[in-house]
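Residue numbers begin at 1 in each chain, while the letters A, B, ... track the order of the sequences. For clarity, every value in this text was computed on a predicted model and none was experimentally measured.
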Number of protein chains: 2
Amino acid sequence: MSRTIVAPPELPDAPISAVERETGLSKDTLRVWERRYGFPVPLRDRHGERLYPADQVLRLRLISRLLGRGLRPRQVVGAPLEELIARAGEGDAGPALQARAAEAPLLDATLRLLRSYDEAGLRAHLSLALQRLGLQRFVTEFAAPMNVQVGEAWSRGEIAISQEHLYTEQMQHQLRQGIGAIYPGTRAPSVMLTTLPGEEHQLGLLMAHACLAIEGTRCVSLGVQTPAWDIAQAARQHGADVVGLSFSESLRQKTALDMLQDLRARLPESIEIWAGGALWSRLRRRPPGVRFVSRLEQISPLLAEYRARESAAAP
Amino acid sequence: MSRTIVAPPELPDAPISAVERETGLSKDTLRVWERRYGFPVPLRDRHGERLYPADQVLRLRLISRLLGRGLRPRQVVGAPLEELIARAGEGDAGPALQARAAEAPLLDATLRLLRSYDEAGLRAHLSLALQRLGLQRFVTEFAAPMNVQVGEAWSRGEIAISQEHLYTEQMQHQLRQGIGAIYPGTRAPSVMLTTLPGEEHQLGLLMAHACLAIEGTRCVSLGVQTPAWDIAQAARQHGADVVGLSFSESLRQKTALDMLQDLRARLPESIEIWAGGALWSRLRRRPPGVRFVSRLEQISPLLAEYRARESAAAP
DNA sequence: GTCAACTGTATGTCTAGGACAATCGTGGCT
DNA sequence: AGCCACGATTGTCCTAGACATACAGTTGAC
């Protein structure tokens with residue numbers, strides 16, 4: 001595959017505001033790195049304002065990505081280009097990586113379609129998988145491992161961000177089709193679904209939504225990033241039994257736990273909180289008042305338990 | 001304690017970073033206004049850091065809108081709340097605001113359903129509207145004015161954030177259903193759709209997607225927030241003819257223009273950029289190399305023009 | 001061993017006013 | 001009218017220091 005990383009188009013030196021835009025690193029951060037770590041070292045225009053050469057911007061972009069993966073600035077900010085690229089390639093060969101052999105061909109096909117930006121093909125492929133597996137198995141056996149695969153492929157540099165975006169978009173489309181085809185549920189518990197501020201990933205939320213909808217649960221989704229204050233208000237007004245929250249690994253666990261505790265304090269005891277997502281797979285201590293669900297398969301038993309409990313309590 | 005419909009929300013005071021996010025005014029600007037015009041006058045926390053009371057944030061949001069409309073800061077930054085509201089009312093008794101009389105009942109019904117968190121009802125309502133109007137008219141005559149209405153209702157405090165989220169979620173669902181029902185297009189131009197970093201609103205993108213798909217256009221959507229560098233790479237690799245970008249009013253016009261210019265520089269001349277959305281309705285000078293589209297209705301003629309141009313060029 | 005509390009370092013954000021480039025609007029000139 | 005020059009307006013960038021918060025390593029108790 002001759003996907004060369006493209007000859008640099010000879011871009012002019014960039015002022016600090018442009019670098020902020022391109023890398024997502026704030027001006028303050030850029031200036032403070034310069035002071036502390038001696039990198040970047042921008043040129044100056046005739047008025048003494050910073051001008052970043054294209055190669056430094058490239059390095060900064062790589063650094064920014066590595067930080068998003070959890071590396072610490074001290075270890076990467078000063079590092080030379082080759083080391084950055086090496087580290088970017090490392091990737092974590094976790095156990096989630098090997099999907100079950102049975103689905104491997106499906107996964108491979110997906111990656112192939114992504115590489116060629118073949119939207120129509122991808123759409124047909126996912127749709128077919130959905131029809132063949134049914135929503136339940138599509139979510140747990142296909143979508144979930146595929147999400148991990150695509151994420152890994154990106155961090156290994158095998159696919160571009162734009163291709164990962166394309167995948168997310170299409171998968172979202174497919175999940176919504178699946179959810180939309182289910183007649184609105186009426187069974188208890190009444191679940192209000194959303195994510196907390198800072199958590200932008202929709203796929204986790206949609207997968208959970210699908211798992212709940214399949215069981216006939218009555219659920220209302222608010223989409224992503226609802227502030228705790230508003231969740232509490234909405235849950236009370238709507239008379240929800242459960243608030244369901246989805247977490248990817250993009251949030252810090254500490255931050256997430258703090259927000260959960262905050263939300264817990266704002267909700268009456270009678271409303272349960274179910275927190276799901278990959279973030280909790282390495283949870284040390286689980287604070288009281290919140291149910292943690294690290295795998296989609298656990299949703300079904302959790303529902304069954306809730307229903308048993310309720311029918312026992314109020315016969 | 002009965003569930004009363006909410007006492008005045010008592011929002012907490014906001015730190016400067018939150019105000020920057022909510023109003024779109026940079027921290028530098030906020031500090032300089034304070035120095036120059038004596039407004040805003042934030043409280044200070046125990047460490048001397050700024051804390052903006054909710055009412056000042058409200059005023060700032062109004063001011064920001066007026067600036068976007070072309071008023072000069074000196075005339076509005078110090079002004080009292082009543083004057084701001086008066087001036088805000090002046091401007092657009094815009095045509096977008098009053099939906100055509102024919103759809104008014106539909107709009108009212110939507111707001112009513114939102115207020116009661118009736119997801120099933122909302123879903124049925126939107127689905128019905130979609131079926132009755134057809135995707136084309138659903139988008140331009142229902143979804144677009146409704147988005148404005150819901151936004152206004154929120155900023156007037158008539159509905160909660162959570163209700164606005166619920167609306168967005170359901171509308172998104174419906175639009176995706178509509179788009180998904182269309183057989184993948186094959187006609188030129190080949191359009192790559194996305195938004196730039198900082199622009200999180202999906203609805204605008206989906207509406208544009210719908211308008212393009214209806215015309216049989218071949219389009220690929222990358223979802224929201226793709227960095228300019230990645231857009232450029234993707235567009236070249238995929239061989240797109242047009243890059244379509246959607247902008248709500250959440251980005252500052254200046255920022256958006258800078259990013260557009262940046263993207264323009266990275267793309268070959270042969271790839272067009274179409275920038276759409278409410279942000280451009282009050283654009284002063286339009287930079288070269290980008291097509292601006294402030295209304296959805298303009299998409300169809302734009303397509304027609306492109307096709308005519310192409311078939312004339314390569315007969 | 002396991003876990004909680006402590007501690008030092010790492011890190012990003014905030015503060016202050018000054019400087020200045022870019023834009024806007026006005027008045028005078030052709 | 002059209003055009004240019006000028007002063008006022010306005011946002012962004014600069015420096016450098018302070019400090020809250022997050023992380024990582026260590027100690028101490030059970």
Side-chain angles (χ1 to χ4, degrees), chain A residues 13-21 23-52 60 63-64 66-79 198 251-259 282-287, chain B residues 13-21 23-52 60 63-64 66-78 252-258 261 282-285 287:
Chain A
D13 302 336
I16 196 170
S17 52
V19 179
E20 175 180 44
R21 251 189 287 120
T23 63
L25 301 164
S26 80
K27 294 176 194 132
D28 269 331
T29 301
L30 289 168
R31 286 193 274 254
V32 116
W33 281 3
E34 188 179 333
R35 208 195 312 166
R36 291 213 181 116
Y37 310 120
F39 181 87
V41 195
L43 312 171
R44 300 287 177 145
D45 68 7
R46 85 200 120 98
H47 311 296
E49 309 202 342
R50 290 169 175 78
L51 278 183
Y52 295 82
L60 285 169
I63 289 171
S64 174
L66 291 175
L67 294 188
R69 271 214 263 153
L71 292 188
R72 309 284 300 158
R74 182 36 75 84
Q75 306 172 337
V76 286
V77 173
L251 275 183
R252 302 223 167 271
Q253 211 179 59
K254 178 69 159 44
T255 317
L257 284 172
D258 284 350
M259 288 196 284
R282 285 180 242 118
L283 182 61
R284 302 167 152 258
R285 251 183 347 192
R286 17 197 83 196
Chain B
D13 301 335
I16 195 170
S17 51
V19 178
E20 176 180 43
R21 244 187 296 114
T23 64
L25 302 163
S26 80
K27 292 176 195 142
D28 268 331
T29 301
L30 288 168
R31 287 193 273 256
V32 136
W33 281 5
E34 188 180 332
R35 208 194 313 162
R36 290 208 184 122
Y37 311 120
F39 181 87
V41 195
L43 311 172
R44 299 290 176 143
D45 69 6
R46 83 199 122 98
H47 312 296
E49 310 202 341
R50 281 164 247 260
L51 278 182
Y52 295 81
L60 285 169
I63 289 170
S64 175
L66 291 175
L67 293 188
R69 198 178 294 179
L71 293 188
R72 308 284 297 158
R74 180 41 68 88
Q75 307 172 337
V76 285
V77 174
R252 301 228 303 282
Q253 211 180 59
K254 178 72 159 40
T255 315
L257 284 173
D258 285 350
Q261 195 167 1
R282 293 180 206 105
L283 182 61
R284 306 173 149 253
R285 255 187 338 216

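Closest to the R44(B) side chain, of the nucleotides dA16(C), dC13(D), dG17(D), is dA16(C). Among the nucleotides dC14(C), dT9(D), dT11(C), the one closest to the side chain of I16(B) is dC14(C). Considering only side-chain atoms of R74(A), the nucleotide from dT12(D), dT13(C), dT11(C) that sits closest is dT11(C). If you check dT10(D), dC14(D), dG11(D) against the side chain of Y37(B), the one that comes closest is dT10(D). With dT10(D), dT15(C), dC13(D) as the choices, the nucleotide that has an atom nearest any side-chain atom of E49(B) turns out to be dT15(C).
Side-chain nitrogen and oxygen atoms of R36(B) include none within less than 4.0 Å of the OP1 or OP2 phosphate oxygen of dT10(D). Phosphate contact (OP1/OP2 of dT11(C), side-chain N/O of T29(A), threshold under 4.0 Å): absent. Between R50(B) and dT15(C) there is a side-chain polar atom (N or O) within less than 4.0 angstrom of OP1 or OP2. For K27(A) and dT12(D), the shortest distance from a side-chain N or O to OP1 or OP2 is not below 4.0 Å.
Under 3.5 Å, the side chain of R72(B) and the base of dG25(C) form no donor-acceptor pair of N or O atoms. Counting distance only, with no hydrogens placed and no angle test, the side-chain atoms of R35(A) and the base atoms of dG17(D) include a donor-acceptor pair under 3.5 Å.
Across the interface with DNA chain C, nearest-nucleotide mapping of H47(A) and S17(B) shows S17(B) to be the residue nearer the 5′ end.
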